[in-house]
Amino acid sequence: MSDTGTGTGSNATAGRHCGLIAIVGKPNVGKSTLLNALVGQKISITSRKAQTTRHRITGIRTVGDTQFVFVDTPGFQTRHSTALNRSLNKAVSGVVGDVDLVLFVVEAGTFTLADAKVLALLRPNVPAILLANKLDQVHRREELAPWLREMQERHAFAEFVPMSAKNPKDIERLFAVCRKYLPEQPWWYGEDELTDRSEKFLAGEIVREKLFRLTGEELPYTSTVVVDQFEEEPSPKHGRFVKIAATVVVERDSHKAMVIGDGGERLKRIGTEARQELEKLFGAKVFLQLWVKVRGGWADDEARVRSFGYE
Ligand code: GDP
Ligand code: MG
C-alpha cells in the first residue's frame, strides 16, 4: 500500500471529506425534492401524494473536496400500524443513528404531531440541522422568529437553515453548511457516481412515480411496482436496448380498474411516460411492458411485504 515514500501521488486523497447525511421528516415536506436537487438528477420519486417514498435511497454528490452521501427515508408512519408501516419505521430509526449529520426537514413555520414523532427519533450524539423548507410559501417571514425559538426548545439543533428545495442558490448554500459536519476521510464512491441503486431499481421507482402521478389521489399508497424482468441487449441501431417488464400490484379489483383506465388509456400513458423518462436516464432504447395484478391485503402480511423487497 504505502510504498511511494515521499511521492506526491500518495497524498492524492489527503484533505478530502466524506460522510453520510440522512434526510428525515414527515411525508410531503419535500425530502425527495431536496435529495434530487442535491444530487442534480432525479433519483427519488416525488409526488403531491404523501407516502410515495418507501425505500432507503442513497444519492451521492461530489463537490470540490467533499463527497456528500445522502439517504432519503420513508416518511415516518403514524396513522396505521400494518406490517408495511412497521418495516418503514424500522428503516428510519436504523438510518438516523448511523450518520454524520441529520437534516430534519419541516415546512417552515409549522410543527405537527407527525413532525414530533420524527423528531423523537433523533439521537443526541448526531448533529441535526433544522431545515425549514418551502420558505417560498411563507409570506410573513417575521412570524418565523417565534416559531424558531420554539423549535430550538424542542431539540438542540446545530443550525437552522430556512430555504426552498426548489431554489438552486439555497441548494448550493446547503452544501457549504453540510460540509463542516463531514469527517476528513477518503471518498467512498467515484467522483461522478450519483447513486448506488441499480438501474432495475430506478426503473421500478420511475414506473411508481408515473403510477401515482397519473392516478392522482385515488390510488392507495399500498399499491406498489415489482420489476419482473430487466434485460439489456446490445443493439446495432440504438447502442443500448433495455427490456423491462413490471407489475403494478394493487389491493382491489376497483384499484386495478383505476390503474388501467377507460379502454386501457391510463395504463398506456403510465407506460409511455415511464418509458420516455427511462430512455433519457439510461441513454438507451427501452421496451417496457406493464401488468396489473390484484393482491388483497398484502400490506398486512409480513411474508409478502418481505418478498416485495422491504426488510
Ligand atoms: P417528501 O414526501 O418529503 O419526499 O416530499 P416531496 O419531495 O415528494 O414533495 C412534496 C411536495 O412538496 C411536492 O409537490 C413538491 O413539489 C413540493 N415541494 C418540495 N419542496 C418545495 C419547496 O421548497 N417549495 C414549494 N413551494 N414546494 C415544494
Ligand atoms: Mg419522498
Side-chain angles (χ1 to χ4, degrees), residues 21-59 61 70-80 84-85 88-89 91-92 95-96 102-119 121-122 128-141 143-144 147 160-175 177 195 197 201-202 204-225 277:
I21 301 171
I23 301 174
V24 303
K26 73 174 180 197
N28 238 19
V29 291
K31 299 179 298 295
S32 299
T33 306
L34 182 70
L35 177 67
N36 292 330
L38 287 163
V39 174
Q41 188 178 343
K42 182 174 199 160
I43 54 163
S44 179
I45 69 171
T46 68
S47 164
R48 271 180 231 298
K49 186 178 184 64
Q51 321 283 18
T52 49
T53 306
R54 292 225 190 98
H55 293 270
R56 173 178 167 162
I57 295 178
T58 305
R61 182 70 183 273
F70 296 100
V71 181
D72 188 22
T73 55
F76 186 66
Q77 312 286 315
T78 50
R79 288 232 309 276
H80 315 280
L84 175 61
N85 286 342
L88 295 177
N89 290 349
V92 178
V95 166
V96 293
V102 170
L103 300 179
F104 177 68
V105 186
V106 289
E107 287 184 12
T110 72
F111 188 79
T112 66
L113 184 61
D115 291 308
K117 296 209 166 166
V118 182
L119 187 61
L121 295 173
L122 302 194
I129 288 175
L130 174 63
L131 198 158
N133 193 34
K134 306 195 188 183
L135 188 65
D136 55 293
Q137 289 184 342
V138 176
H139 300 299
R140 303 174 55 158
R141 303 265 159 106
E143 283 177 3
L144 281 183
W147 173 79
F160 166 55
V161 179
M163 63 173 282
S164 167
K166 297 191 169 184
N167 182 342
K169 285 222 169 71
D170 286 348
I171 295 293
E172 240 173 79
R173 194 165 53 99
L174 186 58
F175 278 119
V177 171
T195 180
R197 289 296 185 171
F201 172 82
L202 293 173
E205 288 291 286
I206 283 170
V207 172
R208 205 151 63 84
E209 176 184 26
K210 301 307 173 194
L211 171 72
F212 283 115
R213 278 206 193 278
L214 292 170
T215 51
E217 297 296 311
E218 301 159 79
L219 193 70
Y221 74 90
T222 46
S223 313
T224 192
V225 173
E277 188 157 334

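All ligand and atom numbering here is 1-based and tracks the order in the structure. Numbering of residues begins at 1 and proceeds along the displayed sequence.
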Looking only at N/O atoms, are L135 and ligand 1 under 3.5 Å apart anywhere?
-> no

Ligand 1 to G30 polar contact by distance, N or O atoms, under 3.5 Å | yes

Side chain K26, main chain V118, donor-acceptor under 3.5 Å | no

Do the side chain of R61 and the main chain of L38 share a donor and acceptor less than 3.5 angstrom apart?
-> yes

Quick one: do the S164 and D170 side chains pair a donor with an acceptor below 3.5 Å?
-> no

For the residue pair K166 and T33, confirm or rule out a side-chain donor-acceptor distance under 3.5 Å.
-> no

For [X], which part has a heavy atom under 4.0 Å from ligand 1: side chain, backbone, both, or neither?
X: M163; value: neither
X: D136; value: side chain
X: N133; value: side chain

Give the single entry among K134, K26, K31 that approaches atom 21 (C) of ligand 1 most closely by any heavy atom.
-> K134

Give the atoms of ligand 1, by number and element, whose distance to some non-hydrogen atom of [X] is under 4.0 Å.
X: S164; answer: 22 (C), 23 (O), 24 (N)
X: Q137; answer: 26 (N)
X: T33; answer: 6 (P), 7 (O), 9 (O), 15 (C), 19 (C), 20 (N)

Over 12 foreign heavy atoms within 6.0 Å of CD, E143 | yes

Residues E172, K169: salt bridge by 4.0 Å N-O rule = no

Could you check if a side-chain atom of L34 sits within less than 4.5 angstrom of a side-chain atom of I171, using non-hydrogen atoms only?
-> yes

